[in-house]
Amino acid sequence: MANELTSRATDYAQWYNELILKGGLADYSAVRGCMVIKPYGYTLWENMRDVLDKMFKDTGHVNAYFPLFVPKSFLEKEEGHAEGFAKECAVVTHYRLKTDPNNKGKLMVDPDAKLEEELIVRPTSEAIIWNAYKDWIQSYRDLPLLINQWANVVRWEMRTRLFLRTAEFLWQEGHTAHATAEEAIEEAEKMLHVYGDFVENYMALPVIKGIKTPNERFAGALETYCIEALMQDGKALQAGTSHFLGQNFAKAFDVKYLTKENKQEFVWATSWGVSTRLIGALVMAHSDDQGLVIPPRIAPLQVVIVPIYKGPEQKALVDEKVNAIVAGLKANGISVKYDDSENTRPGWKFAEYELKGVPVRIAIGQKDIENGVVEVARRDTKEKQSVPAADLIEHVKFLMTDIQQNLYNRALAYRDSHITEVNSWEEFKQVLNEKGGFIAAHWDGTPETEDKIKEESKATIRCIPLNNQPEEGVCVFSGKPSKQRVLFAMAY
RNA sequence: CGGGACGUAGCGCAGCCCGGUAGCGCGCUUGCAUGGGGUGCAAGAGGUCGCUAGUUCGAAUCUAGUCGUCCCGACCA
């Protein structure tokens, strides 16, 4: 057993890391906190990106690209924004190296090449984008401006974790400008629903849509909407955010437009983003002790075929059958790999593709050909069954939707059984420590109480759900009156 | 930024206490057999022991320093 995995029960964090590394999604790099996304992981990201990109375009957005560097003075302009990101910025101070005269063969920063103004490697692009929008927006006719960017950003995190929090990560950031507050709010909510649809329908991961408390808001936002998902260890993970930025950035960058009535008004803004962190969510939500489990709709590889044979004659026979299957699956838009490599045997391949989370595995050998069947194994339940060769394509098509649905149902059942209503502080701490998951509890609405709860329990308010029902009650911590329950959890 | 580990072959590790020509497993190469759940046998290739300085006839091993990475916490997508 070359690839024995740590089980979830033994060490959840280590299990997660091993899955990423051994499953071939990513690797540590030579740069602290930065990872190499390997082809298998990058294909997964491409699949996710392609779906999202289409969803953005279907809702009227277009893509553009803005600079990697943000002049320091731009970042300063929106105060809350600057404060939020200042502590984790990579800063470019020089533009040239030279050979070190005192240390042969070594390079040094050329002190004569100091930049007049430091450039910040973007931690997010509001500043550089709003500086551009200033010139793009003159009239109400220029609005709304609906732009998305696919990019990398850098946040110099103190502690990093593969996919969940890396110093550099890939994401998309939408930045829109609107004539009215109502329209901007509508946009922020619309994109939250796009994210929710994507995560639920493609990643098979149920989410709770809600708004953040002021404490947890994005730096510079008036309202932050979020989707929250629950991982198998009972911790919550923020899977995406959408912000109503008010006129903060318009005022900071002096972006005004003329109304029909010929009056100058500041524009209203939103921004929204999801990142490669979603891959971390995917891994933690569905995978098991045998390896990754990837939903068919975004899987880098949907079907793998393993031949079983003795000698070249049988191989030729199997090849012939497999080639027809491969053509049939491809014709139906299903990605498939025929792994007839000689260097590993069938058993090894079975284990390997389970580790990589390929949704469906087909094995075909002499016995199957004689019986007119193929062996089909599904990754989610690990069930194996013999399927008549004639029905194979239809059966695989069925499995693609059935596995997708099963993964969603499984995650939903887990999530729903881990939302616990509590009515006292004792109960709160007990559920948090013994069961985990979301805790629905009354909160008095003050940041002070929120902070104290966090201090004492390490739980944070993940969100105030959008579909919340009003309910009279008293805060579990302070005993003060409350009008609704909010969701607490330990979070990534 | 606090705490804890670790840097020796592509990967995982032993050797270090007690200094004396660098080893094991996996992987890799070649061949033969094998092939329905991580294959067996045989022969090979592969390492400035993180870096620097010191002690010593001699350092992977002792001393000092330094760099880096990972894990756990606080902060964050």
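Within every chain, numbering begins at 1; the chains are lettered A, B, ... in the order of the sequence lines, protein sequences first and strands thereafter.
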Contacts table for residues 304-312 of chain A: side-chain donor-acceptor under 3.5 angstrom, sequence neighbours left out:
residue: A:Y309; atom: OH; partner: A:E342; partner atom: OE1; Å: 3.4
residue: A:Y309; atom: OH; partner: A:E342; partner atom: OE2; Å: 3.1

Notebook entry, point to check: Applying the side chain to side chain contact (heavy atoms under 4.5 Å, CB included) test to A:Y338, which of A:V303, A:V322, A:I362 qualifies?
Noted result: A:V322
Item checked: Base-pairing assignment for B:C51 (Watson-Crick or G-U wobble, both under 3.5 Å) -> B:G65
Note to self: Would you measure the distance from the C1' atom in B:G4 across to the matching atom in B:U61 and give it in whole Å?
What the structure shows: 24 Å
Next item on the list: Nearest whole angstrom, please: distance from the P of B:G37 to the CD of A:Q290.
Entry: 16 Å
Next item on the list: Taking atom P in both B:C17 and B:G31, compute the distance separating them and give it to the nearest angstrom.
Entry: 45 Å
Next item on the list: Flag the pair A:R379 and A:E354 as a salt bridge only when some basic side-chain nitrogen lies within less than 4.0 angstrom of an acidic carboxylate oxygen.
Entry: no
Check: How long is the line joining CD of A:E342 and P of B:C32, in whole Å?
Finding: 12 Å
Next item on the list: Please state whether the base of B:G37 and the side chain of A:R361 form at least one donor-acceptor pair under 3.5 Å?
Entry: yes
Notebook entry, point to check: Say you pick atom C1' in B:C51 and the same atom in B:G38; how far apart are they, in whole Å?
Noted result: 39 Å
Check: What's the closest nucleotide to the A:W348 side chain, out of B:U39, B:G36, B:A77?
Finding: B:U39
Checklist line | Complement of B:A22, any strand, by Watson-Crick or G-U distances under 3.5 angstrom | finding: none
Next item on the list: For B:A9 and B:G23, measure between their C1' atoms and round to the nearest Å.
Entry: 11 Å
Notebook entry, point to check: With both distances under 3.5 Å as the test, what is the Watson-Crick or G-U wobble partner of B:G2?
Noted result: B:C72
Next item on the list: Check the distance between B:G36's C1' and A:E370's CD and give it to me in whole angstrom.
Entry: 13 Å
Next item on the list: Could you please name the option among B:U34, B:A77, B:G37 that lies closest to any side-chain atom of A:K384?
Entry: B:G37
Checklist line | Cationic N near anionic O, under 4.0 Å, A:R415 to A:E228 | finding: no
Item checked: Pairwise C1' distance for B:G7 and B:G47, with rounding to whole Å -> 14 Å
Checklist line | Whole angstrom value for the distance that separates P of B:A77 from CZ of A:R122 | finding: 18 Å
Next item on the list: Measure from CD1 on A:I364 to P on B:G36 and round the result to the nearest Å.
Entry: 16 Å
Notebook entry, point to check: Between B:C71 and A:N17, is there an OP1 or OP2 to side-chain N/O distance shorter than 4.0 Å?
Noted result: yes
Next item on the list: In whole angstrom, give me the gap between the P atoms of B:G50 and B:A59.
Entry: 15 Å
Checklist line | Base paired to B:G44 (Watson-Crick or G-U; both N/O distances under 3.5 angstrom) | finding: B:C28
Checklist line | Separation between the P atoms of B:G27 and B:U21, rounded to whole Å | finding: 30 Å
Item checked: Separation of atom CD1 in A:I308 from atom C1' in B:G37, rounded to whole Å -> 9 Å
Check: Under a 3.5 Å cut-off for both distances, is B:A33 Watson-Crick or wobble paired, and to whom?
Finding: B:U39
Note to self: Which nucleotide wins on minimum distance to the side chain of A:F169, given the candidates B:A77, B:G35, B:U69?
What the structure shows: B:A77
Note to self: What is the separation between atom CG on A:D27 and atom P on B:C11, rounded to the nearest whole Å?
What the structure shows: 9 Å
Next item on the list: Please confirm whether A:K452 makes a cation-pi placement over A:F477, using NZ or CZ under 6.0 Å from the six-membered ring centre and within 45° of the ring normal.
Entry: no
Next item on the list: Find the partner of B:A60: check Watson-Crick (N1-N3 plus N6-O4 or O6-N4) and G-U wobble (N1-O2, O6-N3) distances, both under 3.5 Å, and reply none if neither fits.
Entry: none
Note to self: Does A:F249 form a ring-ring contact (aromatic ring centres under 6.0 Å, His included) with A:H81? I'd like the steps, not just the answer.
What the structure shows: CA-CA 9 Å; A:F249 285 89; A:H81 188 64; 5.0 Å; yes
List every contact pair, protein side and nucleotides 74-76 of chain B side both N or O, where the distance is under 3.5 Å.
residue: B:C75; atom: OP1; partner: A:K454; partner atom: NZ; Å: 3.2
residue: B:C76; atom: O2'; partner: A:E157; partner atom: OE2; Å: 3.4
residue: B:C76; atom: O2; partner: A:R165; partner atom: NE; Å: 2.5
residue: B:C76; atom: N3; partner: A:R165; partner atom: NE; Å: 2.6
residue: B:C76; atom: N3; partner: A:R165; partner atom: NH2; Å: 2.6
residue: B:C76; atom: N4; partner: A:R165; partner atom: NH2; Å: 2.9

Note to self: I'd like the P distance from B:G19 over to B:C57, given in whole Å.
What the structure shows: 15 Å
Check: In whole angstroms, how far is the C1' atom of B:G27 from the NZ atom of A:K22?
Finding: 13 Å
Check: Taking only side-chain nitrogens and oxygens of A:Y28, does any of them come within less than 4.0 Å of OP1 or OP2 of B:C71?
Finding: yes
